[in-house]
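Any value given below was found using the heavy atoms of this structure, including those in side chains, with hydrogens, waters and symmetry copies removed. Here is how names work: the chains are called A, B, and so on, in the same order as the sequence lines, proteins then strands, and each is numbered from 1.
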Amino acid sequence: AQSVAQPEDQVNVAEGNPLTVKCTYSVSGNPYLFWYVQYPNRGLQFLLKYITGDNLVKGSYGFEAEFNKSQTSFHLKKPSALVSDSALYFCAVSPGGSGYNKLIFGAGTRLAVHP
Amino acid sequence: GAVVSQHPSWVICKSGTSVKIECRSLDFQATTMFWYRQFPKQSLMLMATSNEGSKATYEQGVEKDKFLINHASLTLSTLTVTSAHPEDSSFYICSAVLPGGPDGELFFGEGSRLTVL
């Protein structure tokens, strides 16, 4: 079965410190990988995606993610966290083929950045 | 950017009644929309793919007669929870595909929280 795992329910980081939100996946073929962010009382917003090419992809708000095929991981990172980064982060994967928009989401990781 | 709006944001209903949730693309036409269900502290579960002018495609395990989806126009998809029961209480989220937009970059509504008493 195709799945996405986000092993941490919550990540706590001090402002200014680097942050990592982990994601691993189990999908056949060559999937597309995504990160979305959900702020309170708002819909999910696209952050970044990996399709092919450079394993390190850069996205919105200074976030980046590293694709590791051997470890089937796509961890989200940011060099210096801001309090405003506090939100719920979802990793998602698209199996590809004809269903690129049909996303499978992880359970989400709540990021809390403390002043 | 593309905006998707859901209405109502929250709704409380009695068991046995039906509830309709609307998903609108405000500044673009969406031939394809998706409906998800999100349980507390759990992932978004894809319920169905809504295609304008045709029947929705439901994911395995989702009851078609329970969750009626209608995509009658290019800017509106509706989800009707029929004969709602307390176990249907959940957060329902829709997303829309921007035609010509990058693959996988969906635009999401704010979500609708349903509570069935």
(request) Determine, using the 4.5 Å side-chain heavy-atom cutoff (strictly less than), whether A/Y32 and A/V93 are members of one ILVMFWY cluster. (result) no
(request) Decide whether A/I104 and A/Y89 are clustered together by the hydrophobic rule: side chain heavy atoms of Ile, Leu, Val, Met, Phe, Trp, Tyr closer than 4.5 Å, transitively. (result) yes
(request) List the atom of A/G106, the atom of B/S43, and the distance in Å for their closest heavy-atom pair. (result) O-OG, 2.6 Å
(message) Can you confirm whether B/K66 is buried at NZ, in the sense that more than 12 heavy atoms of other residues, nucleotides or ligands lie under 6.0 Å from that atom?
(response) yes
(message) Is B/Y36 in contact with chain A via its backbone, its side chain, both, or neither, using a 4.5 Å heavy-atom distance?
(response) side chain
(request) Kindly compute the distance separating CZ (A/F46) from CZ (B/F108), expressed to the nearest 0.5 Å. (result) 11.0 Å
(request) Report whether A/F90 and B/L46 are members of the same hydrophobic cluster (ILVMFWY, side-chain heavy atoms less than 4.5 Å apart, transitive linking). (result) yes
(message) Quick check: is B/Y58 connected to B/F34 through a chain of hydrophobic side chains (ILVMFWY, heavy atoms under 4.5 Å apart)?
(response) no
(request) Following the transitive rule for hydrophobic clusters with a side-chain heavy-atom cut-off under 4.5 Å over Ile, Leu, Val, Met, Phe, Trp and Tyr, establish whether B/Y92 and B/M33 coincide in one cluster. (result) no
(request) Calculate, to the nearest 0.5 Å, the distance between atoms CZ and CG belonging to B/F107 and A/L44 respectively. (result) 12.5 Å
(message) Shorter than 4.5 Å, heavy atoms on both sides: which option in B/L106, B/I93, B/T32 has the most such pairs with chain A?
(response) B/L106
(request) Select one option (side chain, backbone, both, neither) describing which atoms of A/Q38 are under 4.5 Å from chain B's heavy atoms. (result) side chain
(message) Need one label for B/Q38: side chain, backbone, both or neither, based on atoms under 4.5 Å from any heavy atom in chain A.
(response) side chain
